[in-house]
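Computed from a predicted model, the values in this text were never measured in an experiment.
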Amino acid sequence: MLDCVQTETGADPRFAVIWLHGLGADGHDFEPIVPQLRLPPELPIRFVFPHAPEIAVTAFGGQRARAWFDFNPAMGPDLPGMKKSASQIRDLIQNEIDGGTPAERILLAGFSQGGVMAFHTALYYPKRLAGILALSTFLADGERLATDKAAANANIPILMCHGAHDTVLPMSLGESSRVALVNAGYAVEWREYPMAHEVCRAEIRDISQWLQTVLGKQD
């Protein structure tokens with residue numbers, strides 16, 4: 001099981017958000033966002049921030065860093081690495097289920113490389129999940145959707161947020177991913193902000209409202 005940082009917004013959480021960090025960061029990266037979301041106490045959520053394993057990253061000259069999969073700009077997605085991490089993320093989902101939180105009250109969130117994994121895990125997960133929050137990221141394996149997407153999550157709520165000035169993962173990459181998802185039958189909410197590869201205050205407000213709407217429907 002992956003090591004995780006956990007924080008709860010109230011007693012006896014009825015919901016869980018598994019939030020996946022970006023390349024080279026760790027589970028602490030998005031921990032400070034929880035109080036900034038200003039979520040109401042009547043919607044108690046357990047936030048789970050796992051640490052990705054340390055692996056050799058080609059884009060870093062082979063240096064080891066926390067990553068969900070290898071990143072080599074010349075070679076495209078590391079599908080074997082993604083498959084391995086997806087299995088570990090599914091274990092985290094199962095851990096929440098075993099702890100009493102049903103799958104339909106578990107939401108996957110991710111930033112950048114973590115967002116790639118949120119898509120890669122949730123879209124093919126066999127049980128209904130609460131939603132996908134995809135921040136400054138893209139869909140790495142959209143061609144699989146035609147044959148492998150999970151019927152249980154065909155109507156999963158999706159919020160994609162991206163910065164118009166992102167030079168790490170250009171917004172056009174996010175936009176093309178949104179188009180691929182819509183063409184595959186998914187309903188996608190899209191938000192863009194005048195920011196780089198980061199998170200801004202207006203985005204945090206939008207995320208908070210979306211979480212309350214999506215999870216509130218499960219209550």
For [X], does the [atom1] atom sit with more than 12 other heavy atoms under 6.0 Å from it, leaving out its own atoms?
| X | atom1 | value |
| --- | --- | --- |
| Lys149 | NZ | yes |
| Met1 | CE | yes |
| Arg38 | CZ | no |
| Asp98 | CG | yes |
| Asp91 | CG | yes |

Query - salt bridge (charged side-chain N to carboxylate O under 4.0 Å, His left out) partners of Glu96, counting only residues at least two apart - result: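 With sequence neighbours excluded, Glu96 shows a salt bridge (charged side-chain N to carboxylate O under 4.0 Å, His left out) to Arg46, given in chain and number order.
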Ignoring hydrogens and angles, tell me if any N or O in the side chain of [X] forms a donor-acceptor pair with the backbone of [Y] under 3.5 Å.
| X | Y | result |
| --- | --- | --- |
| Arg128 | Glu104 | no |
| Gln113 | Phe69 | yes |
| Asp29 | Gly22 | no |
| Glu42 | Pro40 | no |
| Asn153 | Lys127 | yes |
| Glu31 | Gly27 | no |
| Arg66 | Asp26 | no |
| Asp70 | Gly81 | no |

Requested in this report: Determine the sole option in Leu43, Leu37, Ile45 for which the side-chain contact (heavy atoms from CB on, under 4.5 Å) test with Thr9 is passed.
Outcome: Ile45
Query - With Ile132, the side-chain contact (heavy atoms from CB on, under 4.5 Å) member among Leu107, Leu159, Leu123, Thr121 - result: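 Considering Leu107, Leu159, Leu123, Thr121, a side-chain contact (heavy atoms from CB on, under 4.5 Å) with Ile132 is found only for Leu123.
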Heavy-atom side-chain proximity of [X] to [Y] below 4.5 angstrom:
| X | Y | answer |
| --- | --- | --- |
| Pro53 | Leu2 | yes |
| Cys4 | Leu92 | yes |
| Glu203 | Glu198 | no |
| Phe111 | His197 | yes |
| Val17 | Phe30 | no |

Report task. Show the numbers, then the answer: is there a side-chain contact (heavy atoms from CB on, under 4.5 Å) between Asp141 and Tyr124? Result -> CA-CA 11 Å; Asp141 58 344; Tyr124 309 106; 3.5 Å; yes
For [X], all residues meeting side-chain hydrogen bond (donor to acceptor under 3.5 Å, both in side chains), sequence neighbours excluded:
| X | answer |
| --- | --- |
| Asp206 | Tyr193 |
| Gln63 | none |
| His21 | none |

Query raised in the report: Hey, quick one: are Ile156 and Trp190 part of the same hydrophobic cluster, counting side-chain heavy atoms closer than 4.5 Å, chains of contacts allowed?
Result: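 The answer is yes; both residues are in one hydrophobic cluster.
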Rounded to the nearest 0.5 Å, what separation is found between the [atom1] atom of [X] and the [atom2] atom of [Y]?
| X | Y | atom1 | atom2 | answer |
| --- | --- | --- | --- | --- |
| Leu169 | Thr137 | CG | OG1 | 6.5 Å |
| Leu20 | Gln88 | CG | CD | 11.0 Å |
| Arg90 | Ser85 | CZ | OG | 10.5 Å |
| Thr7 | Trp19 | OG1 | CH2 | 12.0 Å |
| Trp68 | Leu23 | CH2 | CG | 11.5 Å |
| Cys161 | Met171 | SG | CE | 12.0 Å |

Please tabulate, for side-chain N and O atoms in residues 174-189, each donor-acceptor pair with protein atoms closer than 3.5 Å (sequence neighbours left out).
residue: Ser176; atom: OG; partner: Ser172; partner atom: O; Å: 3.2
residue: Ser176; atom: OG; partner: Leu173; partner atom: O; Å: 2.9
residue: Ser177; atom: OG; partner: Leu139; partner atom: N; Å: 2.9
residue: Ser177; atom: OG; partner: Leu173; partner atom: O; Å: 3.0
residue: Asn183; atom: ND2; partner: Val179; partner atom: O; Å: 3.3
residue: Glu189; atom: OE1; partner: Arg191; partner atom: NH2; Å: 3.2
residue: Glu189; atom: OE2; partner: Trp210; partner atom: NE1; Å: 3.4

Requested in this report: May I ask you to decide if the ring planes of Phe49 and Phe47 are parallel, tilted or perpendicular, using 30° and 60° as cut-offs?
Outcome: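 Ring orientation, 0 to 90° scale: parallel.
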Query - ring-ring contact (aromatic ring centres under 6.0 Å, His included) partners for His51, two or more places apart - result: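 Partners of His51 by the ring-ring contact (aromatic ring centres under 6.0 Å, His included) criterion, ordered by chain and then number, come out as His28.
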